[in-house]
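The block underneath contains the structure these notes are about, expressed in structure tokens.
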Amino acid sequence: MGFLAKTILKRFALGILTLFFVSVVVFSCVATLPGGFAEAVLGQSATPEAIASFNQRLGLDRPPIERYLSWAAAAVQGDFGSSYASEGGLGGHTRTVASLIAPRLANTLFLAAFAALIAVPTALFFGTVTAIFRNSIFDRVVNVFSLSMVSVPDFFVAYVLMLFLSVKFDLFPSLSVIDTDTTITQRLYLCFLPALTIVVVSISHMMRMTRSSIINLLSTPYIEMARLKGVSPARVILHHALPNAWAPISAVIALNLAYLIAGVVVVEVVFVYPGIGQLMVSSVFARDIPVVQACALVFALVYILFNLLADLVGIITNPRLLHSR
């Protein structure tokens, strides 16, 4: 078995172990929150008898360990159970967790893809340009902007953009409410503000890593030799420096792409975007543990897969790592 195949198997094994720990931590945190699903549905005025009957109906009267093991055994087989909200009779019919998550996940993936198509090329462009013209006024202005955006929380950027682009100038809607009947053009228009928020927050990391990686490579002997041979600056960057900088750049891009999917919880809540992040927040408030568990596993799986992708790209782009030592 080759070194690359062993690396993939090790990462998958660690990923499965990570998913297990994530499920345990999330289940424990939600289970220990004050109150419960019965109190959230029936209200504080509910009698103890009504709460006990409600919990028995949903199986919430069983010990937490027993409930977790039962859920985990079904989840391994692809069955994440049913939402407590639907089983509690709120909607009049039972809805599975998968049916709740699937459309929300599709919306989140659309928003993440929209933001990635803007963020990744822009970060690579500005990171490369600032590396070429380092210590210039342009480089310093871009660095100040990137450092500022790293320090600013997501919700603040979202509200600032909403204030200027929605309230003052009325260019884009402040709420990104979409459904299955929304066309692609309408989706792009409604999703522009949340996508722009994600771009502004995530672009700084990719841009700074691209800049630092290329600056380090520009001082290496083979780059100096290429310059002495009269190779054009553009060719030096595109054909010599940038390919060798892909390992660290790809790692940062992969982590930021994972953030575009798993880190949009705050953005989705601010813009009332019907994604998986907003579903998870509402489920936490409702103590709907099966939905929270499934959402957390989706987020964890996204980070694991993108970390694996970053490792593979780093190994493939560096031939020295393809051979074990």
State the [atom1]-[atom2] distance between [X] and [Y], to the nearest 0.5 angstrom.
X	Y	atom1	atom2	value
Ile215	Asn135	CD1	CG	7.5 Å
Leu9	Leu14	CG	CG	11.0 Å
Leu309	Ile304	CG	CD1	14.0 Å
Met149	Met207	CE	CE	10.0 Å

Where at least one partner belongs to [range], residue pairs that pass salt bridge (charged side-chain N to carboxylate O under 4.0 Å, His left out), sequence neighbours excluded:
range	answer
residues 185-198	none
residues 63-76	Arg62-Glu66
residues 166-185	none

* **Worked check of side-chain hydrogen bond (donor to acceptor under 3.5 Å, both in side chains) between Asn256 and Ser202** => CA-CA 6 Å; Asn256 278 274; Ser202 64; 4.8 Å; no
[X] side chain vs [Y] backbone, donor-acceptor pair below 3.5 Å:
X	Y	answer
Ser148	Val144	yes
Ser204	Ser146	yes
Thr108	Ile276	yes
Glu268	Val265	no
Asp79	Ala75	no
Thr220	Asn216	no

* To do: Verify side chain to side chain contact (heavy atoms under 4.5 Å, CB included) between Ile253 and Met209, making sure each step is shown before the conclusion.
  => CA-CA 9 Å; Ile253 291 178; Met209 180 55 69; over 6 Å; no
* Taking ILVMFWY side chains as joined if any heavy atoms are under 4.5 angstrom apart, and letting links pass through other members, which residues group with Leu175? -> Val177, Val272
* Linking directly or through intermediates, with side-chain heavy atoms under 4.5 Å: list the remaining ILVMFWY members grouped with Val141, chain and number order. => Ile137
Kindly indicate whether the side chain of [X], heavy atoms from C-beta on, has any atom under 4.5 Å from the side chain of [Y].
X	Y	result
Pro173	Leu190	yes
Val267	Tyr273	no
Trp71	Gln293	yes
Thr197	Phe271	yes
Ser82	Val97	no
Met280	Arg104	no
Leu297	Ser23	yes
Cys295	Ile101	yes

Name all residues meeting the side-chain contact (heavy atoms from CB on, under 4.5 Å) criterion together with [X]; count only those two or more places apart in sequence or in a different chain, and write none if there are none.
X	value
Leu188	Phe110, Phe114, Ile184
Phe133	Val129, Ser136
Arg227	Leu218, Ile223, Glu224, Val236
Phe155	Pro153, Tyr159, Val266, Val270

* Asked: Quick one: ring-ring contact (aromatic ring centres under 6.0 Å, His included) pairs with a partner in residues 166-188, sequence neighbours left out?
  -> Phe172-Tyr189, Phe172-Phe192
* To do: Check step by step if side chain to side chain contact (heavy atoms under 4.5 Å, CB included) holds for His205 and Val150.
  => CA-CA 7 Å; His205 299 280; Val150 169; 4.1 Å; yes
* Structure fact -> Across all chains, not counting sequence neighbours, the ring pair (Phe, Tyr, Trp, His ring centres under 6.0 Å) partners of Phe27 are Tyr68
Name the atoms and distances for all side-chain donor-acceptor pairs under 3.5 Å in residues 117-128, with sequence neighbours left out.
| unit_1 | atom_1 | unit_2 | atom_2 | d |
| --- | --- | --- | --- | --- |
| Thr122 | OG1 | Ile118 | O | 2.6 |
| Thr128 | OG1 | Leu124 | O | 2.7 |

* To do: Please lay out, stage by stage, how Arg11 and Asn307 fare under the test side chain to side chain contact (heavy atoms under 4.5 Å, CB included).
  => CA-CA 9 Å; Arg11 294 295 189 273; Asn307 271 286; over 6 Å; no
* Decide if atom CG of Leu228 counts as having more than 12 heavy atoms of other residues, nucleotides or ligands within a radius under 6.0 Å. => yes
* Asked: Is the CZ atom of Phe138 crowded by more than 12 outside heavy atoms at less than 6.0 Å?
  -> yes
* **side-chain hydrogen bond (donor to acceptor under 3.5 Å, both in side chains) between Ser99 and Thr96, worked out** => CA-CA 5 Å; Ser99 65; Thr96 62; 3.1 Å; yes
* Go through the steps for Leu193 and Ser166 under the test side chain to side chain contact (heavy atoms under 4.5 Å, CB included), then give the verdict. => CA-CA 9 Å; Leu193 274 187; Ser166 180; 4.1 Å; yes
